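Both counts, for ligands and for their atoms, begin at 1 and track the order of listing. Only this structure's heavy atoms are used, side chains among them; waters, hydrogens and symmetry mates stay out. From a predicted model like this one, the values you see are computed outputs, not experimental measurements.
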Amino acid sequence: MPVLSVDRGGHLLLGILKETVPGETRVALLPESLKSLRSQGIAVTVEAGAGLASGASDTAYIEAGASVTANRDSILANADILPMVNAPAAADQAWLKPGAVVIGFLKPLDAPAALAAAITRPVTLFSMELVPRISRAQSMDALSSMATVAGYKAVIAAADRLPRLFPMLMTAAGTVPQARVFVIGAGVAGLQAIATARRLGAVVEAYDVRAAAGEQVRSLGAKFLDVDLGGISTEGGGGYAAELTEEALDRGRDLITRTAAHSDVIVTTAQVPGRPAPRLIRRAAVEAMRPGSVLVDLAAPAGGNCELTKPGVTQTIGGVTLLAPLNLATEVPVHASQLYARNILNFLALIVKKGVLTVNLDDEVLAGACVAHEGNPVNPRVAKLLEVAQSAAN
Ligand code: NAD
């Protein structure tokens, strides 16, 4: 495996760019993140306004030892390390300095063609989505960080829309019953949604195909709904769910329709890595909900769990509000950036030691996260997708 080592005698430059994707509010590193980098002699340059939406002013970056410039292209052309939230735009990719390392949510499997320009350049691209989910890399697991924020925010968004209260209230004017929340998919986002709904005082039920999720659901004070799937294997490896047959999915759909009828809020998060989100919520389930109820489809970026979902669009269907947010983490930019920055810093610790940049693709975390290195795709799935796109274009 190739090893790239860059020792610029303590003159490594790290650039923090202002994100350009519409609606993006996060920033890759905050002023508080710079201490360990500066102590290694790494210079940091920040694009003016990069952290504003996350509560980090240009002055705060300067006070943390960075320089600030409005010249984005000079950062792109000079930085040895570019931690980002989203993938650089094609115009940015053309500026990248040879030998530069770019790290971010690069969407290499969803949109590999958008990285085509950078993949052919003599740079290294690491994707936070591809960081292997092994114990050693837990502190770099940015997908879990963002799922945690999204799970929390989904419940807050639902509570805000719901024309009812969450907790049971016993007042002189009578008793208000608890809201009933149904969480589908008890992974990272789902478990955080359960915990948040419980903290707000709701009664919570949850469903997941992985039996292992049952114990975690119950430990949060929620009821786990079991479905007899006829003994089929539901684990796809790495703790993830397997893609189910239509027959097995139907058993889940029936349970969901029954449970929807008495739920005030549904937060649905079910996903199978690399596949479209399973369509678990039928129109009949939405129609079974009381007017005023709220459904938050966190699987919207992968197409959605509900057959009525339009990703990114809020709809009202028979009095039920259906939210299909594409990136709820952007609505909590301070803490989303804080968690992301810590994930990035932990990742950087694998490639920068004592101010020297070394990309050693023998490291399984680096190899797993590497999209491309020195002009060639490294991740075999990305390479295959690019090949397919190329042959379709010819
Ligand atoms: P995810 O986003 O891929 O899926 C969310 C949930 O949907 C999962 O719990 C999955 O079982 C569920 N699901 C899929 N198909 C379903 C269906 N048809 N019906 C009902 N539910 C369905 O998963 P995630 O939240 O990223 O993580 C899932 C698992 O991975 C968890 O067990 C988690 O503990 C584990 N994990 C491990 C690490 C690590 O070791 N570093 C990090 C993160 C997550």
- Task: Answer whether the closest heavy-atom distance between the side chains of N327 and M146 falls below 4.5 Å.
- Result: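 A side-chain contact is absent here, since even the closest heavy-atom pair is not under 4.5 Å.
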- Does any non-hydrogen side-chain atom of E246 lie less than 4.5 Å from one of R253?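 Counting from C-beta outward, R253 and E246 do come under 4.5 Å.
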Can an N or O of [X] be found at a distance shorter than 3.5 Å from an N or O of ligand 1?
{"X": "S135", "result": "no"}
{"X": "D208", "result": "yes"}
{"X": "V188", "result": "yes"}
{"X": "Y207", "result": "no"}
{"X": "A242", "result": "no"}

Going by the atom numbers of ligand 1, which of them fall below 4.0 Å from some non-hydrogen atom of [X]?
{"X": "Q138", "result": "39 (C), 40 (O), 41 (N)"}
{"X": "D141", "result": "41 (N), 42 (C), 43 (C)"}
{"X": "S144", "result": "42 (C), 43 (C)"}
{"X": "R210", "result": "8 (C), 9 (O), 10 (C), 11 (O), 31 (C), 32 (O)"}
{"X": "L249", "result": "18 (N)"}

- Query: Is it the case that one hydrophobic cluster holds both V68 and L14, taking links as side-chain heavy atoms less than 4.5 Å apart, direct or via other members?
  - Reply: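 They do share one cluster, since a chain of ILVMFWY contacts under 4.5 Å joins V68 to L14.
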Would you say the side-chain atoms of [X] pair up with the backbone N or O of [Y], donor to acceptor, closer than 3.5 Å?
{"X": "T321", "Y": "V294", "answer": "no"}
{"X": "T269", "Y": "I184", "answer": "yes"}
{"X": "Y340", "Y": "M84", "answer": "yes"}
{"X": "S337", "Y": "V27", "answer": "yes"}

- Item | Mode of L280 contact toward ligand 1 - side chain, backbone, both, neither (heavy atoms, under 4.0 Å) |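 Side chain only.
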- Residues S144, Q138; criterion side chain to side chain contact (heavy atoms under 4.5 Å, CB included); working and verdict: CA-CA 9 Å; S144 285; Q138 249 172 6; over 6 Å; no
- Message: As a quick check of understanding, evaluate side chain to side chain donor-acceptor pair (under 3.5 Å) for S127 and E129, giving each step before the final call.
- Response: CA-CA 5 Å; S127 172; E129 295 98 324; 2.5 Å; yes
- Message: Out of T269, I184, T268, who is nearest to atom 5 (C) of ligand 1 when you count heavy atoms only?
- Response: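 Among T269, I184, T268, the closest heavy atom to atom 5 (C) of ligand 1 belongs to T269.
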- Task: Check if G252 has a non-hydrogen atom at a distance under 4.0 Å from any atom of ligand 1.
- Result: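 So G252 does not count as touching ligand 1.
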- Message: Please confirm whether A186 approaches ligand 1 to less than 4.0 Å, judged on its heavy atoms.
- Response: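 A186 counts as a contact of ligand 1 under the 4.0 Å cut-off.
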